[in-house]
Each structure stands twice: as structure tokens, then as C-alpha cells.
Amino acid sequence: MNPPVRVRMAPSPTGLLHIGSVRTFLFNWLFARPKGGEVLLRIENTDTSREVEEATEQIQRSLEWLGIDWDGPVRFQLDRMEDAQRLARQLVDEGKAYEDEGAIRFRMPDEGVTAWDDVVRGRVEVPNESIEDLVILRGDGRPTYNFANPIDDMLDAITHVIRGQDHISNTPKQLLILRALGAEPPVYAHVPDVLGDDGKKLSKRHGAQSVDDFRRQGYIPEALVNFLARLGWAYDDQKEVFTREELLRLFDLETVTPSPAVFDFQKLSWLNGVHLRELSPKEYADRVVEYIRDAGLDWDEELVRRAAPLVQEKIEKLDQFPGYTRFFFEEVSPAVPLDGAGPVLEQAEQILADVEPFEAEPIERELRSLAERLELKPREAFQPIRIAVTGSKVSPGLFESLELLGRDETLTRLATVRGAAA
RNA sequence: GCCCCCAUCGACUAGCGGCCCAGGUCACAGCCCUUUCAAGGCUGUAGCGCGGGUUCGAAUCCCGCUGGGGGCACCA
């Protein structure tokens with residue numbers, strides 16, 4: 001029987017949820033869930049201000065949107081304040097810690113090495129002489145991070161600590177504290193950082209940073225999760241696209257790379273397009289509707305739903321939707337000159353006035369035969385119509401667009417520009 | 001200064017001694033398809049940081065160097 005697994009996701013309540021943290025949390029989640037393990041959400045707070053409360057809400061919303069769930073109530077580092085104080089006194093009584101100007105310091109060994117077998121890095125050894133005696137309790141009685149953290153892990157019975165590589169140097173300290181407390185240390189796994197294209201840690205100036213930023217820019221959870229999982233991990237030498245279920249089944253913490261990875265927005269966008277195209281038409285429309293609403297656009301939902309299928313294959317991020325479909329919802333004026341297009345537009349107008357029914361297929365048939373009669377290449381004949389009706393050189397499929405726009409509106413737009421184009 | 005971590009195409013990675021004059025994906029370039037834009041198909045450019053070992057044989061193992069990154073708080 002496998003021992004029960006319990007991991008924890010431990011964000012700092014400072015601002016919005018950073019995408020790098022999300023990657024670490026995702027690894028925790030992907031590691032624990034398939035084993036039937038538990039996932040705890042613990043806020044690493046040092047105070048209980050209004051900001052902490054808001055950030056906590058925000059963090060939960062982001063995780064929910066991503067589909068990363070956790071067990072039980074959200075915990076807070078400060079909840080263990082009294083335990084920390086008790087344990088610190090215990091260490092003093094046992095001679096393992098001592099008072100120093102009102103604070104309590106943990107006594108680090110002077111010789112030997114402290115080592116552990118890191119799941120992603122292998123054996124890591126740190127000479128004890130390089131570790132200074134650590135303040136575990138401040139003068140005001142509050143525990144410091146490197147004391148509160150291992151105590152929380154111990155009391156929560158965490159079996160695997162999967163965290164960012166910036167914690168590597170904290171690990172020997174925490175390990176020594178845990179041993180002094182007589183606790184069985186958890187297994188540690190330090191996952192690599194996520195960097196921007198300049199080799200620095202990903203931040204706002206790289207374009208996006210928080211889950212909210214990505215959401216606003218039209219990325220969907222499926223793509224983000226897939227992309228993040230592939231940053232620092234690969235299943236084999238072929239597979240790039242993973243569903244959440246596949247990741248749950250195939251992810252392996254042991255094969256996570258130890259080297260840091262650069263966040264490639266272009267590849268994320270590509271993946272986003274892939275996952276967007278894989279959604280069912282219904283699901284796709286739901287996402288578009290939600291995005292449009294969140295973007296503050298007051299567009300008719302029914303029309304948005306009908307326009308959605310016309311661009312499912314064309315956009316890779318939801319924020320491109322308005323650009324392609326705005327003409328369905330708002331008046332447009334051609335942004336491009338239509339010199340010499342008068343005849344085509346006039347005849348198209350006549351034809352479109354009579355097509356029955358006013359649907360993509362018959363519309364296409366009639367317009368194609370018009371092009372033939374005029375001895376125009378398809379694009380020469382269709383492009384002016386597209387521009388006249390959509391206001392742009394780029395649009396969803398012309399015939400489907402006309403159908404959705406409707407006969408009346410189509411004819412009106414044609415008539416409006418015809419004069420100017422003559 | 002001290003400690004720790006990392007090192008394959010521009011990017012993400014496969015590779016765990018011979019199957020690799022290094023494979024896949026994004027990006028980029030060209031071609032095809034095509035009503036625009038996409039999507040799709042095909043082709044191409046491009047990489048094992050350097051130096052020593054070990055070995056019949058090294059991208060793969062060892063050492064050094066160089067280059068990145070993190071840490072050394074009564075921050076988390």
C-alpha cells in the first residue's frame with residue numbers, strides 16, 4: 001500500500017496570483033491527485049489585514065478558474081502562532097535554541113553536512129558551517145518564516161513539499177529544525193523557476209504575470225494548464241497537447257527538469273488556439289460569451305453565440321473575437337478604398353436582393369457565378385463585398401457572414417458604399 | 001566574500017555510452033491549399049558553452065573553467 005500523500009499550495013497573499021506560483025501549485029496538484037492524495041491551500045500570511053483577505057479571495061478565484069482544487073478550508077500560517085511559540089520554548093528548554101536580545105535563535109550545528117534527496121535535483125548537500133543560527137521567534141513573539149513553515153508542514157502532516165527552487169537554501173534550515181523537533185521530514189522537490197525572455201523572473205513587464213492578466217488576454221484554462229505543465233516537463237519526444245485528464249494520468253514529478261524555463265507567450269498562444277478549436281461548438285460559444293461579458297462589451301448574447309462558430313478556427317485568443325466580429329454588432333465604414341468596385345457591388349446587391357433562401361450556400365453559388373460572368377477571380381470579386389459589408393479586409397467566411405448579417409443589413413451596407421465606390 | 005542550483009536549435013524539450021553527422025513542438029522562411037484571415041499539408045534554416053579526462057566509443061560518466069540563477073534578514 002502506498003502511504004497517503006498530502007501536499008500543500010502555499011501562496012503569499014501579496015497581490016494577484018503569479019503564474020510562476022500557479023505552475024508550482026499545478027505540479028503539486030498533478031502529483032497528488034492521481035494518487036488519491038490531499039491538497040491543502042495554505043496562505044503564508046504574517047498579518048491579517050484587509051489586503052490579505054482580498055488577496056486570499058483572489059487566489060481562490062484564480063485557482064477555481066484554472067480548475068485546480070484543494071481540500072478542506074483555507075489555512076493560514078498565523079493560525080499556528082501559539083504552536084510556534086510553544087515549540088520554540090521547548091527547543092530552548094532542550095538547549096537547542098537560545099535567547100538573543102529578546103528573540104530566540106535556533107542553534108545550527110558547526111560541522112558536518114545537511115543533505116536530502118530532492119525529487120527533481122537528486123542529492124543536495126549543504127555544509128552546516130555555512131548556516132548561521134537562525135532567529136525563529138522575533139522579539140515580539142511572532143515566528144519567522146523558516147520556523148513557521150516547517151511547523152505548519154509538520155502539524156499538517158505534509159508528506160511532500162513541492163515548491164520553487166528559491167527555497168532550496170531554506171531547506172537545510174527547515175530540515176534541521178524538523179529533526180530537532182523529532183519530526184519525520186517530508187520529501188522535498190524543488191521545481192525550477194519560470195523566467196521571462198530576458199532570463200529574469202517573469203514579471204509584469206513581460207506582458208502578463210497574474211492569472212487574471214492571462215484571462216483578460218483571452219487565454220483559457222485548458223491551454224494555460226497544458227502549457228505550464230510542459231514548462232520543465234515532457235512526457236516523451238512527441239506529445240505536446242494534453243488534456244487535463246491526460247496530464248493527471250501521465251505527469252511525473254520525477255522527470256521534471258531541474259533547469260529554469262523561459263515562458264514563451266507565442267507557444268502559449270498556439271496552444272490556446274489548439275484548445276479553443278478542440279472545444280465543442282456549444283462550449284466554445286459559452287467561453288466567448290463569458291469573455292465578451294467580462295470584457296465589458298454589451299453585445300447581444302444570442303448574436304454572439306451565432307457568430308462564435310464563424311471564428312472558432314480563426315482565432316487563437318479570445319481577445320481576437322471582437323476584432324473579427326464587431327461588424328455584426330456595430331455600424332462599420334470601409335477602412336479601405338473601393339476604387340473601381342462599383343460594378344461588382346451593384347450587381348452583387350441585385351443578386352443578394354433575390355437569393356432564396358438567404359443562406360451561405362445559395363449566396364456563395366450566386367456570387368461565384370457573378371464572378372464568372374464578370375471574368376473576375378474569386379478574390380477580386382469577393383474582396384470588395386467583404387470590405388463593403390464588414391469594413392475590413394479580414395473577416396470570417398464571407399458567405400456565412402452575409403447570412404448571419406441578414407439580407408436587409410447586407411443590402412443597406414452595400415448600397416451605402418456603392419455610391420462612393422463608383 | 002561564502003553557500004547552493006542550473007547548462008541540447010531563438011524558445012519549450014527528447015536523449016539517461018553505441019539506435020544521434022542529435023528527434024518533436026513553437027517561432028521563422030519557402031511552397032501547396034484557399035473568398036480574406038486562419039486552419040491544414042509539405043520542405044527548409046537553426047543546437048549538444050569551453051577545456052581536460054574515463055572508454056573501443058560521450059550530448060550522455062568524472063573534473064575544472066566560463067556563463068546564468070537563487071540564497072546568506074527579528075522578509076516570505
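Letters A, B, ... are given to chains in the order of the sequence lines, protein chains preceding strands, and every chain is numbered from 1. Nothing here was measured: the structure is a model prediction, and the numbers come from that model.
Using P as the reference atom, B:rC28 and B:rC61 are 35 Å apart when rounded to the nearest Å. The same atom, P, is picked in B:rG41 and in B:rC9; the two are 26 Å apart, to the nearest Å. Rounded to whole Å, the C1' atom of B:rG69 lies 43 Å from the corresponding atom of B:rC31. The gap from the P atom of B:rC63 to that of B:rC5 amounts to 12 Å, rounded to the nearest Å. Taking atom P on both nucleotides, B:rG15 is separated from B:rA7 by 13 Å, rounded to a whole Å. Nucleotides B:rC42 and B:rC19 place their P atoms 27 Å apart, quoted to the nearest Å. To the nearest whole angstrom, the two P atoms, one in B:rC37 and one in B:rC21, are 42 Å apart.
The distance between atom CZ of A:Phe147 and atom P of B:rC75, rounded to the nearest whole Å, is 15 Å. In this structure, the NZ atom of A:Lys377 is 13 Å from the C1' atom of B:rU34, given to the nearest Å. Here B:rC4 presents its C1' atom at 14 Å from CG of A:Leu175, a figure rounded to the nearest Å. With rounding to whole Å, A:Leu276 atom CG is found 20 Å from B:rC37 atom P. In this structure, the NE2 atom of A:His275 is 16 Å from the C1' atom of B:rA39, given to the nearest Å. Counting to the nearest Å, the C1' atom of B:rA76 and the CG atom of A:Asp152 are 13 Å from each other. Between A:Glu380 atom CD and B:rU36 atom P there is a gap of 12 Å when expressed in whole angstrom units. Spacing between atom CZ of A:Arg123 and atom C1' of B:rC6 amounts to 19 Å, rounded to whole angstrom units.
For a distance-only test at 3.5 Å, the side chain of A:Lys267 qualifies as a donor-acceptor partner of the base of B:rU25. With hydrogens and angles ignored, a donor-acceptor pair closer than 3.5 Å exists between the side chain of A:Asn170 and the base of B:rA76. The base of B:rU36 has none of its N or O atoms less than 3.5 Å from a complementary donor or acceptor on the side chain of A:Arg379. Contact of A:Gln165 with B:rG70 (side chain to base): no donor-acceptor pair of N or O atoms is detected under 3.5 Å.
Of all nucleotides listed (B:rC26, B:rA76, B:rU25), B:rA76 comes nearest to the side chain of A:Arg142. Comparing B:rC6, B:rG24, B:rA76 by their closest approach to the side chain of A:Gln77 singles out B:rA76. Among B:rA76, B:rU13, B:rU25, the nucleotide with an atom closest to any side-chain atom of A:Trp270 is B:rU25. Distances were taken from every side-chain heavy atom of A:Lys173 (C-beta onward) to each of B:rC4, B:rC72, B:rC12; the shortest belongs to B:rC72. The listed nucleotides are B:rA76, B:rC72, B:rG71; the one nearest the side chain of A:Asn146 is B:rA76. Nearest to the side-chain atoms of A:Thr144 among the listed nucleotides B:rA76, B:rA38, B:rU13 stands B:rA76. For A:Arg277, whose side chain is taken as the heavy atoms from C-beta onward, the closest listed nucleotide among B:rG40, B:rA76, B:rC4 is B:rG40.
Heavy atoms of A:Gly397 sit under 4.0 angstrom from at least one base atom. A:Thr14 comes within 4.0 angstrom of no nucleic acid atom, judged by non-hydrogen atoms across all strands. Looking at heavy-atom distances under 4.0 Å, A:Ser12 makes contact with sugar-phosphate atoms alone, never a base. Using a 4.0 Å heavy-atom distance criterion, A:Arg386 is classed as a base contact.
Of the nucleotides present, B:rG71 is the one that pairs with B:rC2 by Watson-Crick or G-U wobble criteria, both distances under 3.5 Å. Base pairing annotation: B:rA29 forms a Watson-Crick or G-U wobble pair with B:rU43, both donor-acceptor distances under 3.5 Å. Nucleotide B:rG49 is matched to B:rC65 when pairs are restricted to Watson-Crick or G-U wobble geometry with both distances under 3.5 angstrom. Nucleotide B:rU35 forms a pair with no other nucleotide shown, judged by Watson-Crick or G-U wobble geometry with both contacts under 3.5 Å.
Between A:Gly139 and A:Glu400, the one whose closest nucleotide on RNA chain B sits nearer the 5' end is A:Glu400. Each of A:Asp193 and A:Leu137 lies near RNA chain B, and the nucleotide nearest A:Asp193 is the one positioned closer to the 5' end.
Atom CG of A:Leu398 and atom CZ of A:Arg379 lie 13.0 Å apart (nearest 0.5 Å).
At B:rU35, one or more side-chain N or O atoms of A:Arg368 fall inside 4.0 Å of OP1 or OP2 (strictly under the cut-off). Using a 4.0 Å cut-off, no side-chain N or O of A:Lys239 falls inside it from OP1 or OP2 of B:rU25. Of the side-chain N and O atoms in A:Arg105, one or more sit less than 4.0 angstrom from OP1 or OP2 of B:rC74. Side-chain nitrogen and oxygen atoms of A:Arg138 include at least one within less than 4.0 Å of the OP1 or OP2 phosphate oxygen of B:rA76.
Between A:Phe214 and A:Phe263, the angle of the ring planes lies from 30° to 60°, which puts this pair in the tilted group.
Judged purely by distance below 3.5 Å, without hydrogens or angles, the side chains of A:Thr257 and A:Trp233 never pair a donor atom with an acceptor atom. With hydrogens and angles left out, the side-chain atoms of A:Asn272 and A:Trp270 include no donor and acceptor closer than 3.5 Å. A donor-acceptor contact closer than 3.5 angstrom is absent between the side chains of A:Arg386 and A:Ser392. A donor and an acceptor atom, one from each side chain of A:Asn128 and A:Glu111, are nowhere located under 3.5 Å apart.
In this structure, A:Phe27 has its ring center closer than 6.0 angstrom to the ring center of A:Phe251.
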